[in-house]
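Please read these numbers as outputs of a predicted model, since none were measured by experiment.
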Amino acid sequence: MRIIALATLSVLSALTLAGCSDAFHPTPVNIPRQAPIGSISGTTYGGQQPIVGAKVYLYAAGTGGYGGNGITASSANASVSLLDSPGYVTTDVNGFFSITTDYTCTVGQQIYMLSLGGQPTTGTTNTAAGLMAVLGQCPASGSLAQQTPSVYMNEVTTVAAAYALAGFATDATHISSGAQIVTTSPLVFTLAGTGIANAFANAAQMANIASPSGSSGPSTNDGGALATTPNGNGTVPQQEINTLANILATCVNSNGATTPCTTLFADVRSGGGTTGTAATDTATAAIYLAHHPWSTYISTLFNLVGNTGAPFTPALSAAPNDFTVQLTFTGGGLDQGSRPAIDASGNIWVPSPGNNTLNEFSPLGVPLSGNSGFTGGGLSDPLAVAVDASGYVWVANFTNGTLSKFNSAGASVAGSGYLGNNDMQPYTLAIDTNGYVWVDNYTFATVSKVSSTGTEVLNTTDKGELEQTDGIAIDASNNVWIADGNDYEIDVLNNTTGLDNIQARKAGNGEITCTYSCRFIELSSGSSPLGWVSDITTEISSSTIVMTSEKSYSGGGLATSTSNILDGAGNIWVTNFNGTISEFNSAGTAITPATGYTTSLTQTYGIAADGSGDIWVTDNGTTTGTQLVEFIGAATPTVTPLVQAVINNNIAGKP
């Protein structure tokens, strides 16, 4: 069953849904073009020790369907070996390897390396030693070796790869998505291809795989966890990444049959904690941990390292609440960022009511809107954005009652803003399958329908029983769903007339209800849609998620919920005003611990899921200032923008 979701408070999360992967692209017309791999060399280290006799494989991500959490490994989602039989090269006494044969890759393929086995200490073979490094995209010109001539693989590069690729990985040899490439000349990606390309690029945000020292031994630059992202505006949790690498190293630098490995493989499984399939190598264990970054065994894993001898520093001094990996970005004009939305390229758009700007970031968190953000277009207390099927970004201006419209380059195409008939107070937005923008007008208790040219064609004044509209969404049948905060009801409006389609559904008689201040986020189609509501009551301790059956779910760290979304697996993600994140599966069972996923943030507001399986959150902390936070690989890849999933009737599905 598809899902409806709602959120709470004066901020509403981005509308992000899943849909068909090739919705924005033409039908493939050409034969995939090959590019030379060239000569690539590198070193494989366990901690600070070379691994002798390890088998190094070169893989491309598969295209037969998604890997990822909950997917059984199969030939359909297997990675593609790029080396001839036996499919690997072997490291020497210095951990050095070289790929010199003139192999090829398909332009646009995403490439990574995997090292298995070998001797991390003299005379001791460890079949459980598994390491990864992400090389990136097979180039449209030149060779793969020209962009990545040398590679360093260790536990740090493995952590970076495991988290960045978690949304596409079942295990270390099954990393895949749906069809990725439309054409290779010029190179055009499907939505699935865009998502996995962005994910592969994200690995370089966390670790340096370059190996300038070659076979002479590791230098301080080899395989190191970064402190800041390469662009310089992002902070990387270096101590946490090193801690995760140290945990893996306890197993890698052993014979594979002692306590570090047995404990790691017993407590980190495919289903989370001690459930599901046990890993047989450390690279797969890292992927399992990225899928399930919390369990009751966090302290047990942390204690594997001990107080001395950790190969990677600086590291955490105490066990964390969870092992989510979060990158924090600033810049781009962010100031009191509100509810983000993500476009088809994976760019994140954030309205900033603090300085009346629109901010844009790349999938790697690089500011694309300059130092001050995009301005003009009537921006005034912008609270929400929505991206339409043509890539235009619509902005709800709460104070002056207008809508702004920007093209993908950040230029206003709405003059001083679309005013409507002076009867709008835009709070949240939704776009229907015909390209109309629907606006809920908060205290006016009305809903407006606006054409793609900015003309208000309908206003629901006196057409319904609305008392305070504070959330809106569109289903695949173009019904307009409204959260009515004052009478605690959900109204379903006809797309043409604006009249209530389900007037007979009153509270206590099948009506969707909540106790205070509902917000809609996402909807499904069908005759019996299921709704999720983030519900804030006067008592923080009683924050719940409320279902259409009026059955309440709690736990998972819910506390003054601010907004929620669905990812590509139908899981519900909720931001809490205390700076934590909660996650529930589609049955309403909490996935997060009792404290939620904790962060260094203080006031989390909007939330969005992207096509790479990352979660993006806006935070307006009083001490940290406005930040954009990316939870790497925490979710299932999700189609963006939202309207495309609505058009394709594929909500809460993968690209």
## Note on the structure
Residues passing the side chain to side chain contact (heavy atoms under 4.5 Å, CB included) test with T284, sequence neighbours excluded, are D171, A172, A279, D281, Y288

### Query
Are the side chain of T313 and the backbone N or O of A315 linked by a donor-acceptor pair below 3.5 Å?
no

### Query
Pick one: which of L264, T258, T263 meets side-chain contact (heavy atoms from CB on, under 4.5 Å) with P260?
T258

### Task
Determine yes or no for a side-chain-to-main-chain donor-acceptor pair under 3.5 angstrom, with N94 supplying the side chain and F96 the backbone.
no

### Query
What do the steps show when you test V80 against Y59 for side-chain contact (heavy atoms from CB on, under 4.5 Å), and what is the final call?
CA-CA 5 Å; V80 179; Y59 283 119; 5.9 Å; no

### Query
Which atom pair, heavy atoms only, marks the closest approach of M132 to T158?
N-OG1, 2.9 Å

### Query
Hey, is the main chain of N198 close enough, under 3.5 Å, to the side chain of N202 for a donor-acceptor pair?
no

### Query
Are a donor atom and an acceptor atom from the side chains of N578 and N576 found within less than 3.5 Å of each other?
no

### I287 side, atom CD1; H292 side, atom NE2 - distance, nearest 0.5 Å
12.0 Å

### Task
Kindly say whether V366 contributes a backbone atom to a donor-acceptor pair with the side chain of N231 at under 3.5 angstrom?
no

### Query
Can you find a side-chain donor-acceptor pair between T595 and N321 that sits under 3.5 Å?
yes

### Query
Heavy-atom distance under 4.5 Å between the side chains of Q627 and T328, does that happen here?
yes

### Task
Please step through side-chain contact (heavy atoms from CB on, under 4.5 Å) for the pair Q49 and N253, ending with a clear verdict.
CA-CA 8 Å; Q49 303 175 107; N253 293 315; 3.3 Å; yes

### Task
Report the residues that fulfil side chain to side chain contact (heavy atoms under 4.5 Å, CB included) with A203, sequence neighbours left out, ordered by chain and then residue number.
V134, A164

### Message
I need the D610 CG to I348 CD1 distance, nearest 0.5 Å.
### Response
6.5 Å

### Task
Please confirm whether the backbone N or O of A169 pairs with a side-chain atom of H291, one donor and one acceptor, at under 3.5 Å?
yes

#### Entry: Geometric class of the Y152/Y45 ring pair [parallel <30°, tilted 30-60°, perpendicular >60°]
parallel

### Summary
Here the pair of heavy atoms bringing Q326 nearest to T598 is NE2-O, 3.3 Å

### Query
Given T626, which of N620, D619, D335 fulfils the side chain to side chain donor-acceptor pair (under 3.5 Å) condition?
N620

### Query
With a 4.5 Å limit on heavy-atom distance, are the side chains of I247 and F323 in contact?
yes

### Message
Quick one, Q238 and N242 - any side-chain contact, counting heavy atoms below 4.5 Å?
### Response
yes

### Query
Is there a donor-acceptor pair closer than 3.5 Å between any side-chain N or O of S176 and the backbone N or O of A78?
no

### Query
Hey, what do you get for CG (L358) to OG (S369), rounding to the nearest 0.5 Å?
7.0 Å

### Query
Does some side-chain heavy atom of W616 sit less than 4.5 Å from a side-chain heavy atom of L628?
yes

### Message
In the structure I gave you, are the side-chain heavy atoms of S254 and N126 within less than 4.5 Å of one another anywhere?
### Response
yes

### Query
Backbone N or O of G67 within a donor-acceptor pair of the H174 side chain at under 3.5 Å?
no

### Atom pair CG/OG1 of D343 and T194 - distance to nearest 0.5 Å
10.0 Å

### Query
Tell me, do V252 and I51 make a side-chain contact under 4.5 Å, heavy atoms counted?
yes

### Message
For Y57, run the side-chain contact (heavy atoms from CB on, under 4.5 Å) check against L82, L116, V89 and tell me which one passes.
### Response
L116

### Task
Check whether any side-chain N or O of N359 sits under 3.5 Å from a backbone N or O of G332 as a donor-acceptor pair, and report yes or no.
yes

### Task
Apply side-chain contact (heavy atoms from CB on, under 4.5 Å) to T580 and T604, showing your working.
CA-CA 7 Å; T580 66; T604 48; over 6 Å; no

### Check: F189 and I196 side chains under 4.5 Å, non-hydrogen atoms
no

## Note on the structure
Here the gap from L327 atom CG to E630 atom CD, rounded to the nearest 0.5 Å, amounts to 5.0 Å

### Message
Nearest 0.5 angstrom please: I37 CD1 to Q146 CD, how far?
### Response
13.0 Å

### Query
Do T324 and D322 have a side chain donor and acceptor closer than 3.5 Å?
yes

### Task
Taking all non-hydrogen atoms of both residues into account, name the closest pair between I241 and A225 and its distance.
CG2-CB, 3.8 Å

### Message
Y112: which residues meet the side chain to side chain donor-acceptor pair (under 3.5 Å) condition with it, sequence neighbours left out?
### Response
S79

## Note on the structure
Tightest non-hydrogen contact, residues S352 and G337, listed as OG-CA, 4.1 Å

### Message
Minimum heavy-atom separation for N246 and A310, please, with both atom names.
### Response
ND2-CB, 3.5 Å

### Query
Ignoring hydrogens and geometry, is there a side-chain-to-backbone donor-acceptor pair from E155 to G47 under 3.5 Å?
yes

### Task
Would you sort out whether W294 and T592 count as a side-chain contact (heavy atoms from CB on, under 4.5 Å), showing the intermediate values?
CA-CA 7 Å; W294 175 83; T592 43; over 6 Å; no

### Message
Can a donor-acceptor pair be found, under 3.5 Å and without considering hydrogens, that links the side chain of T275 to the backbone of G272?
### Response
yes

### Message
For C251 versus F265, what's the shortest heavy-atom pair and its separation?
### Response
SG-CZ, 4.0 Å

### Query
Does some side-chain heavy atom of Q137 sit less than 4.5 Å from a side-chain heavy atom of I111?
no

### Between Y66 and F168, ring centroids under 6.0 Å
yes

